[in-house]
Protein chains: 4
Amino acid sequence: MVKEIGSSIKDEVLIQKRRAQLQKGAVNLFKQKRFHRATTREIAKAAGFSIGTLYEYIRKKEDVLFLVCDAIYNEVKARMEAVIDTKEPSENALYQAVESYFQLMDELQDEVLVLYQELKALPKDAQEYVLNKEKEMLCLFEQILENSYANALSKEDIILISNNIFIQGQMWGFRRWVLQKEFTLEAYTLKQFNLLKNQLAHQAQIKERGGV
Amino acid sequence: MVKEIGSSIKDEVLIQKRRAQLQKGAVNLFKQKRFHRATTREIAKAAGFSIGTLYEYIRKKEDVLFLVCDAIYNEVKARMEAVIDTKEPSENALYQAVESYFQLMDELQDEVLVLYQELKALPKDAQEYVLNKEKEMLCLFEQILENSYANALSKEDIILISNNIFIQGQMWGFRRWVLQKEFTLEAYTLKQFNLLKNQLAHQAQIKERGGV
Amino acid sequence: MVKEIGSSIKDEVLIQKRRAQLQKGAVNLFKQKRFHRATTREIAKAAGFSIGTLYEYIRKKEDVLFLVCDAIYNEVKARMEAVIDTKEPSENALYQAVESYFQLMDELQDEVLVLYQELKALPKDAQEYVLNKEKEMLCLFEQILENSYANALSKEDIILISNNIFIQGQMWGFRRWVLQKEFTLEAYTLKQFNLLKNQLAHQAQIKERGGV
Amino acid sequence: MVKEIGSSIKDEVLIQKRRAQLQKGAVNLFKQKRFHRATTREIAKAAGFSIGTLYEYIRKKEDVLFLVCDAIYNEVKARMEAVIDTKEPSENALYQAVESYFQLMDELQDEVLVLYQELKALPKDAQEYVLNKEKEMLCLFEQILENSYANALSKEDIILISNNIFIQGQMWGFRRWVLQKEFTLEAYTLKQFNLLKNQLAHQAQIKERGGV
DNA sequence: AATGAATGAGTGTTCATTCAT
DNA sequence: TATGAATGAACACTCATTCAT
């Protein structure tokens, strides 16, 4: 599923190049200044071209935001899938997934922050597009949990824990002013994974004994 | 600490009344239409007075947002403190706090959503004001954890777990399209608290044995 | 039938006043500079208010044009009807009508010129509105001809001659660089009416003799 | 008198060919979309070449309009002169001229409509160029009238009647929604010519008798 | 000679804010 | 104290025109 943005430029390769430029410049700009406050002229300038050229590659200001969102999620998904596919489901696989995900959230923290800050400003269809990508990511975690802890966890546990992992990754970037002051990424990853492991271990014990 | 908004009206009681009106109308409006998209005229209308009157009680459009933020955090803090004050520190106290907090996040989910969506649009000093209130809340959880699990948890554990609780509460509202489809608030609270308890239990075991 | 333009101003009397101002200024401006070339800022200035105020009384630039058109046709229609109503159908009545109409076209020549220059730029529904008013005017002439020359003229003659009168009136303004150099309005009216009378006389003779 | 448009192309034959292409495409486009609304890109496309190529054959967008005007008037003049040259001045010659002219106005009605709709948008010098061509046409009618009815008509009559003929021809295209619903071109021509003849006959009678 | 990517001045429109009543 | 008409800076977007290839 790809959203068609539209352009009056004929050279497809050039479009790709310019849009990459644009997306990069835009993220940079949006870090300092939110989408709403950034003018189209500023966006153009940040991308290194004129306002006229900007509008050769997009149709609406909104499209810039979409470009940013799309780039992030594609990156996230690509990286996550690369990690997942190569691993046997196991505690180690879960660790690998969590570590990769947290690592990614660290690297892309600006982009992800931008994405979430602006998501609500996108038109409904673009919002759904992003939420779908998000669902796919949640599914990755759910699958790993399911594969590795099928008999320790209920369906509900899996959903809840996946969500917890998901937002703990984002939290690293969102709440950096608290967390990154107290922890290194490694420490954060290790700590959270330990807490997670404890939960899973405990849930397993409980289930063994036949409790809720 | 109270942010001075400024007003040309002398009657303090009237100011309070009008601002309450304003804040209520604004949240209603912002639920449907983000702050950026809402015009001052719409805000005035939602509050039930004219654009001229609006500007008798605020100085800038931004102030409206600030009013909303302030109202939310005051409410949160008030309720949380009520819980804390009446409880001995214990597992039960933690449960009470978590439950109250989640309950509050459920009740105020629109407001909190609005607050977080717009936080970054506020001027730096207002942002800090909000983040300070947030810190106070985190401290509440930290205190309870400290009081009840002092020898089970390291300082880092406390910080991390407080943060986890904090965002899990917000998650209930932010990710409602996933979570509120799968869980009732009670179930969510119970599940998360159980997972939390398991963590704490496991951490305690570990510490007992003299581990990490 | 009145086209609703829309305004955010509540005082109806003020709206009327401002729109009259606007329409007057706009005609003045459009005499020198066509609608398309005139900027909204220029229009506002010509009307004596700021760009912001302009948009308190219209919704779109187009509305200005509509205001102009509407004012003109209402004026034309009102004046023509005043003349017609008071006259018995007769050669004299026809003369009165033609004279009044030509007189009017002389007085409103700028306005009418503007109207016809810009008519095609109006949205379809506004165009129809104007053409309807035009039809009403044609009918006035047709009625007079019918009443006074019923047995001298065929239906087709009436239509054609009405059209001829109609455009001869407009011609006085449109082709002023030729006609107003050669004739006074009185001379033009007299000449054209004489030519018209001759036609009618001849048609009558023809019909009397029973020919086409 | 030919207006110099300017081109960076050396090959004169190619220039003629491309400009013919351009003029044809432009009329087609302007029928649907007025000059002001048509973009240069659309004009280039309608002519079958790129925007870059368009600007090899014109200097300004305006030039396109000028090209259209020029083509129309040259055609009109050529045809009219063909008629004049081959005819003795007489009532029949007048009929031939009127018929040819009306016929042409029928064939070129789109072009003429475009021309008149946009005339006022042309720069002053181009407007004068067109009005001069118009004057030449009026002169053709004046000459025929003068030659054939010299002693029946005053100079003023000749001017007035020439103008009447002229605009009745244009009227056929301009007011097609009324006239072409009621008449065929032949019927219209015949009717108008009859009315004209009656006028001329009557004027002749009057002059004979020595009146005004 | 032909192309089409790049440019940026210019336009319609919005909306926070002011201020006379 | 309340009103709402007036203001103009600021913005998204367009499009005629240029110029390197």
Side-chain angles (χ1 to χ4, degrees), chain A residues 7-11 14-15 17-18 36-45 48-64, chain B residues 7-11 14-15 18 36-45 48-64, chain C residues 7-11 14-15 17-18 36-44 48-64, chain D residues 7-11 14-15 18 36-44 48-64:
Chain A
S7 164
S8 46
I9 301 300
K10 299 186 173 177
D11 183 339
L14 189 57
I15 293 182
K17 186 181 143 195
R18 290 276 181 263
H36 279 109
R37 304 269 188 168
T39 68
T40 49
R41 274 171 172 80
E42 286 170 325
I43 294 172
K45 199 173 177 185
F49 30 75
S50 71
I51 181 66
T53 302
L54 176 65
Y55 275 89
E56 296 281 347
Y57 295 94
I58 60 165
R59 287 231 196 288
K60 304 236 154 216
K61 189 189 176 193
E62 225 163 46
D63 291 339
V64 177
Chain B
S7 165
S8 48
I9 304 300
K10 306 288 168 207
D11 182 341
L14 189 54
I15 292 183
R18 289 277 182 261
H36 280 108
R37 309 264 189 173
T39 67
T40 49
R41 276 172 167 80
E42 287 170 325
I43 294 171
K45 198 174 178 187
F49 32 75
S50 73
I51 181 68
T53 304
L54 176 66
Y55 274 86
E56 297 288 338
Y57 295 94
I58 60 166
R59 286 234 194 289
K60 303 241 155 211
K61 187 189 176 192
E62 235 157 37
D63 291 340
V64 178
Chain C
S7 164
S8 46
I9 302 300
K10 298 186 174 177
D11 182 339
L14 189 57
I15 291 182
K17 186 181 144 197
R18 289 277 180 262
H36 279 109
R37 305 269 189 169
T39 67
T40 49
R41 275 167 179 80
E42 286 170 326
I43 294 171
F49 29 74
S50 71
I51 182 65
T53 303
L54 176 65
Y55 275 88
E56 296 281 346
Y57 295 93
I58 59 165
R59 287 232 196 287
K60 302 241 155 212
K61 188 189 177 193
E62 224 163 47
D63 292 338
V64 177
Chain D
S7 164
S8 48
I9 304 301
K10 304 290 166 203
D11 182 341
L14 188 57
I15 293 183
R18 289 276 181 263
H36 279 108
R37 306 265 189 173
T39 67
T40 48
R41 276 171 166 80
E42 287 170 325
I43 293 171
F49 33 75
S50 72
I51 181 66
T53 303
L54 177 66
Y55 274 85
E56 296 289 338
Y57 295 95
I58 60 167
R59 286 231 195 287
K60 304 239 155 213
K61 188 189 176 192
E62 237 159 35
D63 292 339
V64 177

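What's counted below: heavy atoms across the whole structure, side chains too, no hydrogens, waters or symmetry copies.
Per the geometry, NZ belonging to K61(B) stands 15 Å off P belonging to dT14(E), to the nearest Å. Rounded to whole angstrom, the span from the CD1 atom of I9(C) across to the P atom of dC15(E) amounts to 16 Å.
Annotation: salt bridge (Lys or Arg N to Asp or Glu O under 4.0 Å) contacts of R41(B) (sequence neighbours excluded): E56(C). The side chain to side chain contact (heavy atoms under 4.5 Å, CB included) check on K60(A) picks up E62(A), D63(A), with sequence neighbours excluded. Evaluation of the side chain to side chain contact (heavy atoms under 4.5 Å, CB included) rule for T40(D) yields I51(D), L54(D), Y55(D), K61(D) as partners, not counting sequence neighbours.
The aromatic rings of F49(D) and Y57(D) sit tilted, their planes meeting at an angle between 30° and 60°.
Note on R18(B): only backbone sugar-phosphate atoms sit closer than 4.0 angstrom, heavy atoms only; bases stay farther off. Looking at heavy-atom distances under 4.0 Å, A44(D) makes no contact with the nucleic acid at all.
Comparing S8(A) and R59(C) along DNA chain E, the residue whose closest nucleotide (by nearest heavy atom) sits nearer the 5' end is S8(A). Where I58(D) and T40(A) each meet DNA chain F at their nearest nucleotide, the meeting point lying more 5' is that of T40(A). Judged by closest nucleotide on DNA chain F, Y57(C) is the one of Y57(C) and E62(A) placed further toward the 5' end.
Contact annotation: K60(C) side-chain N/O to dT13(E) OP1/OP2 distance is under 4.0 Å. Between dT14(E) and Y55(C), no contact under 4.0 Å exists linking OP1 or OP2 to a side-chain N or O.
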Next item on the list: Represent DNA chain F in dot-bracket notation, 5' to 3'. Only Watson-Crick or G-U wobble pairs with both distances under 3.5 Å count; pseudoknot-style crossings use [ ] and interstrand partners use |.
Entry: .||||||||||||||||||||
Atom pairs, protein N/O to nucleotides 7-10 of chain E N/O, distance under 3.5 Å:
| from | atom 1 | to | atom 2 | distance (Å) |
| --- | --- | --- | --- | --- |
| dT7(E) | OP2 | S50(A) | N | 3.4 |
| dT7(E) | OP2 | S50(A) | OG | 3.4 |
| dT7(E) | OP2 | T53(A) | OG1 | 2.7 |
| dG8(E) | N7 | G52(A) | N | 3.0 |
| dG10(E) | O6 | R41(A) | NH2 | 2.3 |

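Think of the region where chain D sits on DNA chain F: with heavy atoms and a 4.0 Å cut, that region ends 5' and 3' at dC15(F) to dT18(F).
Remark: I9(D) CD1 to T53(D) OG1 distance equals 8.0 Å, nearest 0.5 Å. Interatomic distance, CD1 of I58(B) versus OG of S8(B), reported as 11.0 Å (0.5 Å rounding).
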